[in-house]
J.: 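Can you read through this structure? Questions will come right after.
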Amino acid sequence: MKLADYDSQRIEAKWQKVWDEQGAFHAEDGDASRPKYYLLEMLPYPSGTLHMGHMRNYTIGDAVARYKWMCGYNVLHPMGWDAFGLPAENAAIKNGTHPRDWTKANIQEFRRVLKRFGFSYDWRREISTCEPEYYKWNQWFFLRMIEKGIAYRKKSKVNWCPDCLTVLANEQVIDGFCWRHETTQVEQKELEQWFLRITQYSDELLEDMAQLASGWPERVLVMQRNWIGKSQGTRVRFDVAGISGASLEVFTTRVDTIYGASAIVVAAGHPQLDKLLEGVPGRTTMASQLKAMRQKSMRAADIATAEKEGFFTGRFAVNPFSGEQVPIWVANFVLAEYGTGAVMCVPAHDQRDYEFADKYGLPVKIVVQPAQGVPLRADRMSEAYTEHGRLADSGPYSGLTTEQALAKMTADAAAKKFGTGETTYRLKDWGVSRQRYWGTPIPVIYCEKDGMVPVPDDQLPVRLPEQLAIATAGQSPLASVPEFVNTKCPKCGGPARRETDTMDTFVDSSWYFYRYTDPHNFKAPYDQTKAGYWFPIDQYVGGITHAILHLLYSRFFCKVMRDLGLVKHDEPIARLFTQGMVQKGGVAMSKSRGNVVGAIDMADKYGCDTGRLYTLFAAPPEKDLEWSEQAIEGSSRFLNRAYRLVEKHAERVRSIPIEWNALTDLAKATAKEKILIRRTHQTLKRVTNDFEVRWHFNTSIALIMELVNELHAQEPLDQEVSPTILKRVLAVMVLMLSPMTPHIAEEMWEMLGNSGTISRQKWPAYREDLTREEQIEIIIQINGRLRGKILVDENLTEDETRDRALNDPRIAPLLVGKEIVKVIVVPKKLVNIVLR
RNA sequence: GCGGAAGUGGCGGAAUCGGCAGACGCGCCAGCCUUAGGAGCUGGUGGCCGAAAGGCCGUAGGGGUUCGAGUCCCUUCUUCCGCACCA
């Protein structure tokens, strides 16, 4: 039974009510009197229960937001709900509840938990993406994108998840499996779909990363760069021998190696394959081989390690540079979707080609020699030479460097009209059609007479029908709601049908942070002046899991908005922080694993301040954190210890006005006071630094713990410590804690006799002169090994320091009979005596 | 295979610019207080030798630079993450 614990439940409820009544965290639009700071945590998908993994994310954001408030910033710190999505619909099917009811109940619960933790959100700005007031603007943006040619419709092969019963974006396919169903293989289906032309911005998305280099984690940028996958090369046309007019195009980044090509290899899914195989002997065997190849696992990890397999088609192609005829093969290692779906096989200078040639006995012809060293010989090669070098056996290009040849051969190919320089990207347009109910209806109408007609702005929003519709195989749920589907053509007034697909929910989250700047605007997605004031987001905090999807789409949306004249900046997020996961038993907390620590349970047992403190203390925020039920006791203990300290001395200092700026005259201070004053300023200096540049709250907390320990060590504090000094020290201690554990800090602030909430107090400034010790400890080393320590005056000269060290009674005997080679003196730090 | 991050006591972690390795906390040990302790307080706690003073070893392994390396360089290993037959 714990007896001495402070009453966290009462205190937390008390101060949450005060903040709420005061509107303590209301952001003021357009306030020019102070700097603005837009701090955002990724909006949650309201499903399941909030656990300490979520709370860590919000606690980090909240500590920074509160710190910025105290530093005088106008802080925008909002919260909302990513409320559309499949789980709501699946729960609806399972339990017979409407997705709206399910979602609303979850939102209510999430809001309750976040409020229970006392996060400093401006709740007036709360948004929910499933409300018509919000998704109306999804539709509005969609219409603008149609006008700009960014949203378009095409029939294409799409990723289809048979469990989700919907199409997935490329970004939602992981190794050929559905991102939500790890064991469900994604199928390919031909469907008429809406796409957003993100590829139009490929280069810009790539180039503008330069603006993010200082504020975003390197690895997120690397992942995005790889995802965009820009590759510069040459497209070259090979004529097919014996079929007049037939040709194959290959894409290569190493056209300089083309004289070494010993085959053309096409993907099993290459569209021209059937034509090529016409009239070739052995076609039936080939057809079955092809079929087998096409059915092979699409799992990337399998593909990468799979044995290379292929067969000769019986056809030959003509190398346009050399005129040489090379065989045309089909192989499993060529991707139909990338480049042209066909490659030239250069065994000497490409590792995959080397392995393929090795297996099937294709010739290895060296056409690039290393610039230095022993020339390569085909009969002594064990792997491909893929470095740059100097061309050999390459007709007129022999002797050129790789760089020269790439430029010249590409130019020559273009001049002779059998090739062209080309840039390819891995990034594909973003397929946004979803055959599900719980999403934003795509605002388009199909009329027999007028074809596709965008819904006019004044008819927005196109509301989801209240009647729940459930997906049947291959058909959108909305198609089964006649009241929704049947409508009039906005152009001719004749009968027409609505688009029944809904939008990918990543559309919702691609621009939601703009809506926070003007959440109740009925005329526009947001007011440009308001968004202009708040943007860009100064600090975004969220999980690394969104490194590609959400963060790339958001950047894309921003650029579209800019081109629509809605914003002036290129990038929406100036700084990104990706916090580590909270794990239990070595794996991330998740409901399905059953290893969650519920946020409410935590708050009920220890109080939310203890939960907040522990998540900040147990590890630096970017690292994964292993949850420990034992270690959390330490955080609880510390808060109690600090509370008792304040409780004990509050009476004595309560009526003393806090004069933080009053001059502290160390000369008049007692020894105890000197220690406390210096320790306070040293702590404040380092904690301030941690908040400003490092975000290592774990070390901040450790320092505050040390300060509290020091206060205990200096007991009795009612002797030799004036109430004025004690009050200042305790006040600073409480102020430093307040961004991290705000409720107990408010309570202690009040106990110390202060008025007004601590949350709006000014962050105290440390005084450099008060951080300095009178005497500095100098380390004395002999040959780099610690041999002694001396205390010296701060302003001791280098020579004096050296003499003190050499004559130190502990050191001097060790020097007898040795030759002093050198003495290194690092002022205010150490002396190293080098002996022979 | 390519790219990125990391590897420090029994555990989480600290060491911010190349200068005392292990701050702070957990756990553990001893003591105080107590009818009681899952409360509080005090002290101890990297390993080895030693009664102590003190000494030696120690930041995944090996090598190097330096008066001095957890920190910089080379190299090997391990773990995690991302991408993955991208031509």
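Since this is a predicted model, take the numbers as computed values, not measurements. Reminder, nothing fancy here: chain letters follow the sequence lines and each chain counts from 1.
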J.: Pick the P atom in B:C73 and in B:U66, then give their distance to the nearest Å.
T.: 16 Å
J.: I would like to know whether A:Arg237 and A:Glu249 meet salt bridge (charged side-chain N to carboxylate O under 4.0 Å, His left out); could you show each step before the answer?
T.: CA-CA 4 Å; A:Arg237 196 182 71 238; A:Glu249 286 193 312; 5.8 Å; no
J.: Using the ring of each side chain (for Trp, its six-membered ring), is A:Phe356 parallel, tilted or perpendicular to A:Tyr360, with breaks at 30° and 60°?
T.: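 The rings of A:Phe356 and A:Tyr360 sit tilted, inter-plane angle from 30° to 60°.
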J.: Hey, is the side chain of A:Glu777 pairing donor to acceptor with the base of B:C20 inside 3.5 Å?
T.: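 Yes, the side chain and the base share a sub-3.5 Å donor-acceptor pair.
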J.: Classify the ring geometry of A:Tyr385 against A:His349: parallel below 30°, tilted from 30° to 60°, perpendicular beyond 60°.
T.: perpendicular
J.: Hey, is B:G44 sitting syn or anti, using the within-90° cutoff around 0?
T.: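 Base orientation: anti.
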J.: Please report the distance separating the C1' of B:A69 from the corresponding atom of B:A52, rounded so that it comes out in whole Å.
T.: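 The answer is 33 Å between these two C1' atoms.
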J.: Taking the side chain of A:Asn332 as heavy atoms from C-beta outward, which of B:C85, B:A87, B:C24 is closest to it?
T.: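 Closest nucleotide among those given: B:C85.
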J.: Describe the nucleic acid contact of A:Arg686 in one word from base, sugar-phosphate, nothing, applying a heavy-atom distance below 4.0 Å.
T.: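 Contact class for A:Arg686: base.
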J.: Taking any strand in view, what nucleotide pairs with B:G58 in a Watson-Crick or G-U wobble way, both distances under 3.5 Å?
T.: none
J.: Ignoring the backbone of A:Arg426, work out which of B:G4, B:A84, B:C26 is nearest its side chain.
T.: B:A84
J.: Distance between the C1' atoms of B:A21 and B:A14, in whole angstroms?
T.: 10 Å
J.: Given that A:Leu703 and A:Ala713 both sit by RNA chain B, which one's nearest nucleotide is further toward the 5' end?
T.: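 Here A:Leu703 is the residue nearer the 5' end.
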J.: Rounding to an integer number of angstrom, what distance separates B:C41 and B:C33 when you compare their P atoms?
T.: 16 Å
J.: From the set B:C67, B:G54, B:G13, return the single nucleotide nearest to any side-chain atom of A:Asn698.
T.: B:G13
J.: Is it true that A:Arg254 and A:Asp350 make a salt bridge, defined as a side-chain N closer than 4.0 Å to a carboxylate O?
T.: no
J.: For B:U16 and B:C86, measure between their C1' atoms and round to the nearest Å.
T.: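 About 41 Å, rounded to a whole number of Å.
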J.: For the side chain of A:Phe617, counting heavy atoms from C-beta on, which of B:C24, B:C67, B:A87 is nearest?
T.: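 Taking heavy atoms from C-beta onward, the closest nucleotide is B:C24.
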J.: Syn or anti for B:C28, please, going by whether the chi angle lies within 90° of 0.
T.: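 Base orientation: anti.
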J.: Please give the nucleotide sitting opposite B:C41 as a Watson-Crick or G-U wobble pair, both distances under 3.5 Å, or none.
T.: B:G31
J.: Counting only distance, no hydrogens or angles, is the base of B:G38 paired donor-acceptor with the side chain of A:Glu633 under 3.5 Å?
T.: no
J.: Please give, in whole Å, the distance from B:A84 P to A:Asp350 CG?
T.: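 My rounded result for the distance is 18 Å.
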J.: Counting Watson-Crick and G-U wobble pairs only, both distances under 3.5 Å, name the nucleotide matched with B:A53, or none.
T.: none
J.: Is A:Arg785 near enough to B:G55 that one of its side-chain N or O atoms lies under 4.0 angstrom from OP1 or OP2?
T.: no
J.: Please determine whether any donor N or O and acceptor N or O are separated by less than 3.5 Å between the side chain of A:Asn832 and the base of B:C67.
T.: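 Present.
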J.: Please tell me whether A:Tyr614 and A:Tyr606 form a close aromatic pair, meaning their ring centres lie under 6.0 Å apart.
T.: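 No; A:Tyr606 has its ring centre 6.0 Å or more from that of A:Tyr614.
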J.: Testing A:Thr680, A:Leu684, A:Val646 for side chain to side chain contact (heavy atoms under 4.5 Å, CB included) with A:Met733, which one passes?
T.: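 Among A:Thr680, A:Leu684, A:Val646, the one that satisfies the side chain to side chain contact (heavy atoms under 4.5 Å, CB included) with A:Met733 is A:Val646.
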J.: Does B:C41 have OP1 or OP2 under 4.0 Å away from a side-chain N or O of A:Arg644?
T.: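 A:Arg644 to B:C41 OP1/OP2: side-chain N or O found under 4.0 Å.
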J.: Please check the phosphate of B:G13 (OP1 and OP2 only) for any side-chain N or O of A:Lys623 closer than 4.0 Å.
T.: yes
J.: I'd like to know if A:Lys789 reaches the base of B:C20 with its side chain, counting only an N/O donor and acceptor under 3.5 Å.
T.: yes
J.: Mapping A:Val222 and A:His696 to their closest nucleotides on RNA chain B, which lands nearer the 5' end?
T.: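 The 5'-side residue here is A:Val222.
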J.: Considering Watson-Crick and G-U wobble pairs with both distances under 3.5 Å, what does B:G1 pair with?
T.: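 Partner of B:G1: B:C83.
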J.: Please give the nucleotide sitting opposite B:A21 as a Watson-Crick or G-U wobble pair, both distances under 3.5 Å, or none.
T.: none
J.: Could you tell me which nucleotide pairs with B:A14 by Watson-Crick or G-U wobble geometry, both distances under 3.5 Å, or answer none if nothing does?
T.: none
J.: Could A:Lys230 and A:Tyr425 be counted as a cation-pi pair, given that NZ or CZ must be under 6.0 Å from the ring centre and within 45° of the axis?
T.: no
J.: Taking any strand in view, what nucleotide pairs with B:U78 in a Watson-Crick or G-U wobble way, both distances under 3.5 Å?
T.: B:A6
J.: Which part of the nucleic acid does A:Thr252 contact within heavy-atom distance under 4.0 Å: base, sugar-phosphate only, or nothing?
T.: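 The residue A:Thr252 makes sugar-phosphate contact but no base contact.
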J.: Would you mind pulling out the nucleotide paired to B:A69, Watson-Crick or G-U wobble, both distances under 3.5 Å?
T.: none
J.: Given B:G3, B:C24, B:A87, which nucleotide is nearest the side-chain atoms of A:Tyr338?
T.: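 Among B:G3, B:C24, B:A87, the one nearest the side chain of A:Tyr338 is B:A87.
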J.: With heavy atoms under 4.0 Å as the rule, sort A:Asp690 into base, sugar-phosphate or nothing.
T.: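 Counting heavy atoms under 4.0 Å across all strands, no contact is made by A:Asp690.
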J.: For A:Arg225 and B:G82, is the shortest distance between a side-chain N/O and OP1 or OP2 below 4.0 Å?
T.: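 For A:Arg225, the contact criterion (side-chain N or O under 4.0 Å from OP1 or OP2 of B:G82) is not met.
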